Amino acid sequence: MDAQDLFRKLGAGAKFDFKRFGKDAERFKKKDGSGADVLAGIDFFGTGKRDVSGCDEDFQQCQKESGEEVDEDAGVETDQPLRPTKRKRGVEAATLKICKKKKKNVKSRKQGALSVLCFSVNRIRHQNRIHVRGTDLPDPMATFEELQEEYKLDPRIIQNLQAAGFQNPTPIQMQAIPLMLHRREILACAPTGSGKTVAFCLPLLAHLRQPANRGFRAIIISPTRELASQTHRELLKLSEGLGFRVHIIDKGADAAKKYGPKSAKKFDVLVTTPNRLIFLLKQDPPTMDLSSVEWLVVDESDKLFEDGKSGFREQLATIFLACSSSHVRRALFSATFTMEVEGWCRLNLDNLVSVNIGPRNSAVDTVDQELLFVGTENGKLLAMRDLIKKGFLPPVLVFVQSIDRSRELFHELVYEGINVDVIHAERTQQQRDNVVTSFRAGKIWVLICTALLARGIDFKGVNLVINYDFPTSAVEYIHRIGRTGRAGHKGKAITFFTEDDKPLLRSIANVIKQAGCPVPDYMTGFKKMHSKLKRQLQKRPPRRTTIRTMPRFLRTKGGASRKRFVGADALAAAEREVPV
DNA sequence: GTGCTCG
């Protein structure tokens, strides 16, 4: 155990109050002459000078992009401003290690070559906005082919990648894949639609090497069945021809027979929602055994860490405990970052590495974002009808805040002569599956949905996201609008707001502004919201009146001809553009 | 407020 390990063990979860002890630290440095940071080769107090100039850049960029200047209201959870020690220590130690590793290969002109190598790794990270924190970090990869040489990845996986249209690794894939191939436990945050699924699926397959009959060796947990089934499909694509048995729990009842103690354990990877898995674990005797699990991936980790009564968190804890192997590795992924998850990871994961791509908790800049004041609740329906009347480019996703409201809005729009449907957790699984399939096939133009579809779902070619009801937090907003503008494509998001939504307007306006979309100054100038109020809002969104049909005198104005509601262009486009 | 087993 080196000094760093020791410090990590002793100081797990500890915060260094720089404000309080900064003076003492200075004194200590002066008295000691050489400085405290020299003590263990670590900059404990964040005051020491770093000797490798090129390596500092990454840190500064991270600091800047982490949104330190963004107010807390934005739901942008940042590191506390005066806690630089840990972060600096990590980055610095990381870069130092890289230099050390490279040192072996460099014989002449040590210093010069050293900084060049250091610089090139840093440049890759810098150019791709990869911010990484931890010790003993493997270099990011630049191409998928490198994996074949460096990690002996099965060439068939690379073929599958290419067949699926993945040419070059995205930033998150560049860094997360080598890390996981080194069996490192990671917390990874990367924007919506930036390739997180491949980032964790590929190392899983690589690490399993070949099918085995020891039971599940890798598990992926998703917050919704729709996301689980999407990830499952993605895994099948990547593992084609390799013989892996990739499973999804379709029905708990069947699964009991399939995976129980009498089964031949002929399976490798499981994708599931938490409660189905727990159902199997809690059978007597258990019909699921997780003792062979070597990789546990938590997708949408911040959602699955959500606390509260009947929240996901307890379920996740049960699953963590059931993965009883001492060799189990864990990886957590999400588009959004919370201090809670990070804190947990620091305390519970082994030699944690944090990877962040770009600024934390930000919306993608490929989405054209618009805030639309609609006055009152009735104004929303008017605005919605107006949008439909003007013509729109399907497919469109419309988010509302509750199941009841999704039903109500559906009843209002179903007579408009457009192909509209609705999805929420109280529809049957069959209905849910049908809706998703139809929407993917372009048969549904407007899909009304609850938070069920807010995270992870990859509908290719969603042109417009409408936030009919204001999101309950900036994080929720980022995920919702992330259903469009994926993988570099353009998208549009329109968010309705009324007087009632004023409390959260500022934080969401800040997210929009940060992504480079215009926002009126007065919105970001609002007073910051108390964090207490913020929590209340997340639990109890503003009460809204029922979505109902306009008074007759308003309706007849635009409602005479149903056909006119969808513009001719939109109709043609709907037929042309069939989303995958 | 949303989502997460079975019957």
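Not measured: the values here are computed from a predicted model. Lettering of chains follows the sequences in order, A, B, ..., and the numbering in each one begins at 1.
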Nearest whole angstrom, please: distance from the C1' of dG1(B) to the CD of Glu426(A). 12 Å
Which part of the nucleic acid, if any, lies within reach of Pro274(A) when heavy atoms closer than 4.0 Å are counted: base, sugar-phosphate only, or nothing? nothing
Check whether any side-chain nitrogen or oxygen of Thr273(A) sits under 4.0 Å from OP1 or OP2 of dT5(B), and answer yes or no. yes
Against the side chain of Ile403(A), the closest entry in dG3(B), dG1(B), dT5(B) is dG3(B)
Under 3.5 Å, is there a donor-acceptor pair linking the side chains of Ser402(A) and Asp404(A)? no
dT2(B) base / Lys303(A) side chain donor-acceptor hit below 3.5 Å: yes
If the plane angle is over 60° it's perpendicular, under 30° parallel, otherwise tilted; pick one for His247(A) and Tyr259(A). perpendicular
Looking across every strand, which nucleic acid part, if any, lies under 4.0 Å from Thr224(A) by heavy atom: base, sugar-phosphate, or nothing? sugar-phosphate
Nearest whole angstrom, please: distance from the P of dT2(B) to the CZ of Arg405(A). 11 Å
Determine the contact category for Arg455(A): base if any of its heavy atoms lies under 4.0 Å from a base atom, sugar-phosphate if only primed atoms, P, OP1 or OP2 are that close, otherwise nothing. nothing
Begin with the C-alpha distance, continue with both residues' side-chain angles, and end with the deciding distance and a verdict on salt bridge (charged side-chain N to carboxylate O under 4.0 Å, His left out) for Asp469(A) and Lys380(A). CA-CA 9 Å; Asp469(A) 289 335; Lys380(A) 291 183 180 175; 2.9 Å; yes
Would you classify Arg432(A) as touching base, sugar-phosphate or nothing, given that sugar-phosphate means primed atoms plus P, OP1 and OP2, and contacts are heavy atoms under 4.0 Å? sugar-phosphate
Using atom CZ of Phe279(A) as one end and atom P of dG3(B) as the other, report the distance to the nearest whole Å. 21 Å
Over how many whole Å does the gap from Leu504(A) atom CG to dG1(B) atom P extend? 16 Å
Taking atom types as modelled, is there a side-chain donor on Gln514(A) or Asn510(A) under 3.5 Å from an acceptor on the other? no
Sorted by position of nearest nucleotide on DNA chain B, 5' first, the leading residue of Gln429(A) and Asp307(A) is Asp307(A)
